[in-house]
Amino acid sequence: MGIPLRDKKIESTDIVKLKDIKRVLSQKFLFENDVTCIQILLNIYNIEDSIENVFPSYISLKHLKKDIRRFLRNKDGKELIAYNLSQLIHDDINRFELYLYLEGYRNGFHCPKCANRLEILTFHHFTVEELYGMKTLFQYETKRKDILAFKDTIFKGIEDDIKVNKFLKNVIYRYNRTILRKKIYNLNNHLDRQLMINYESSDEKFTETNNILTQGELKGLNRKLTRFLFLDGLRIYQNAYWHGVNDQVINRYQ
């Protein structure tokens with residue numbers, strides 16, 4: 001005999017406890033780099049919501065290095081500084097991206113209003129029979145004007161959403177204060193001296209670059225990183241939300 005299923009509704013306290021568990025798991029992953037927590041969390045989402053397609057694109061560090069070089073454009077050894085900083089916080093930034101991607105994806109996946117609207121637009125381009133064989137929808141759409149217009153509407157709504165902005169700012173402030181800021185201010189300890197050819201002197205052919213950062217420069221780098229994380233975090237959240245909406249529509253035909 002099989003185990004009888006509970007026929008009564010899940011109590012609100014059970015839901016609150018599950019939310020608390022998911023919150024603790026996500027926070028431990030982000031702030032304590034506990035990889036086991038994110039694996040458990042993804043399994044919960046898969047069982048609870050059939051969420052499987054969590055694929056963030058890790059491209060932030062490439063843009064961050066450009067921002068750093070631009071900020072330090074008059075500094076000797078700016079290439080080395082940008083490289084060392086990106087190496088120093090590489091795992092932290094990737095973890096931050098995955099955390100925000102998951103948050104954005106889940107919220108998009110659970111937005112029936114957006115999914116319903118996208119489903120209506122979908123039938124302008126595909127038949128029901130075609131949908132049953134599709135694995136992705138408009139996640140990476142670049143041509144259909146009506147889809148792009150709807151995507152822009154969603155992105156603008158997220159950009160103007162007070163709750164989303166507050167959430168991003170709170171996460172970034174805490175993450176910077178807890179994880180990133182101390183690494184920025186200790187960056188000089190990770191910088192190696194570089195030798196440059198000295199064309200102005202016949203006695204000394206090589207001279208060391210002055211790549212040690214002042215407190216003002218370190219403070220400026222920290223502000224630059226915080227600003228970058230907000231813009232990058234918003235972009236990640238928007239794209240993840242869009243992917244979630246698309247997957248919700250696809251799931252209706254699986």
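Just so we're clear, the structure is a prediction, and the values are computed from it rather than from any experiment. Numbering of residues begins at 1 and proceeds along the displayed sequence.
A chain of hydrophobic side-chain contacts below 4.5 Å, direct or via other Ile, Leu, Val, Met, Phe, Trp or Tyr residues, connects F123 to F126. Cluster annotation: I120 and I147 are assigned to distinct hydrophobic clusters (Ile/Leu/Val/Met/Phe/Trp/Tyr, side-chain heavy-atom contacts under 4.5 Å, transitive).
Proximity of a side-chain donor or acceptor of N188 to a complementary backbone N or O of L213 within less than 3.5 Å is detected. Under a 3.5 Å cut-off, the side chain of N186 and the backbone N or O of N189 do not form any donor-acceptor pair. Judged purely by atom type and a 3.5 angstrom limit, Q238 uses its side chain to pair as donor or acceptor with the backbone of F155. Side-chain atoms of R174 do not come within 3.5 Å of backbone N or O of V171 as any donor-acceptor pair. K75 contributes a side-chain N or O that, together with a main-chain N or O of I212, makes up a donor-acceptor pair within less than 3.5 Å.
Side-chain contact, N107 with Y237: a donor N or O sits under 3.5 Å from an acceptor N or O. Side-chain contact annotation: E119 with Y253, donor-acceptor N/O pair under 3.5 Å present. Residues N222 and N176 bring a donor and an acceptor atom of their side chains to less than 3.5 Å of each other. If you check the side chains of E159 and N165, you find no donor sitting under 3.5 Å from an acceptor. Side-chain contact, R252 with N116: a donor N or O sits under 3.5 Å from an acceptor N or O.
Between the CG atom in D67 and the NE2 atom in H63 there is a gap of 9.5 Å [rounded to 0.5 Å]. Residue L234 holds its CG atom at 11.0 Å from NZ of K169, rounded to the nearest 0.5 Å. Distance check: I250 CD1 to F138 CZ gives 8.5 Å after rounding to the nearest 0.5 Å. The CG atom of L72 lies 6.5 Å from the CD atom of E217; values are rounded to the nearest 0.5 Å. How far OG1 of T127 is from OH of Y132: 10.5 Å, rounded to the nearest 0.5 Å.
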Practice prompt. Under the side-chain hydrogen bond (donor to acceptor under 3.5 Å, both in side chains) rule, what do D247 and Y105 come out as? Steps first, then yes or no, please.
Written response: CA-CA 9 Å; D247 282 348; Y105 183 96; 2.4 Å; yes
Please evaluate residues V245 and F109 with respect to the criterion side chain to side chain contact (heavy atoms under 4.5 Å, CB included), reporting the C-alpha separation (whole Å), side-chain torsions for both, the decisive distance (0.1 Å), and the verdict. CA-CA 5 Å; V245 172; F109 191 86; over 6 Å; no
Check the pair D160 / K156 against salt bridge (Lys or Arg N to Asp or Glu O under 4.0 Å), numbers first and verdict last. CA-CA 6 Å; D160 295 338; K156 186 65 166 62; 2.5 Å; yes
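Taking the charged nitrogens against the carboxylate oxygens, E141 and K151 have no contact shorter than 4.0 Å, which rules out a salt bridge. Under 4.0 Å is where a charged nitrogen must lie from a carboxylate oxygen, and between D92 and K183 at least one such pair does. Looking at D91 and R95, no side-chain N of the basic residue comes within less than 4.0 Å of a carboxylate O on the acidic one, giving no salt bridge.
Within a 6.0 Å sphere centred on OH of Y83, other residues, nucleotides and ligands contribute 12 heavy atoms or fewer. Atom OH of Y173 has 12 or fewer neighbouring heavy atoms from other residues, nucleotides or ligands inside a 6.0 Å radius. In R177, the CZ atom is crowded: over 12 heavy atoms of neighbouring residues, nucleotides or ligands sit closer than 6.0 Å.
The shortest distance between side-chain heavy atoms of W242 and F150 falls below 4.5 Å.
If you look at H243 and Y140, their ring centroids are closer than 6.0 Å. Proximity of the aromatic rings of F31 and Y175 is defined here by a centroid distance below 6.0 angstrom, and this criterion is met.
The one candidate from V249, I154, N246 that meets the side chain to side chain contact (heavy atoms under 4.5 Å, CB included) condition with C114 is I154.
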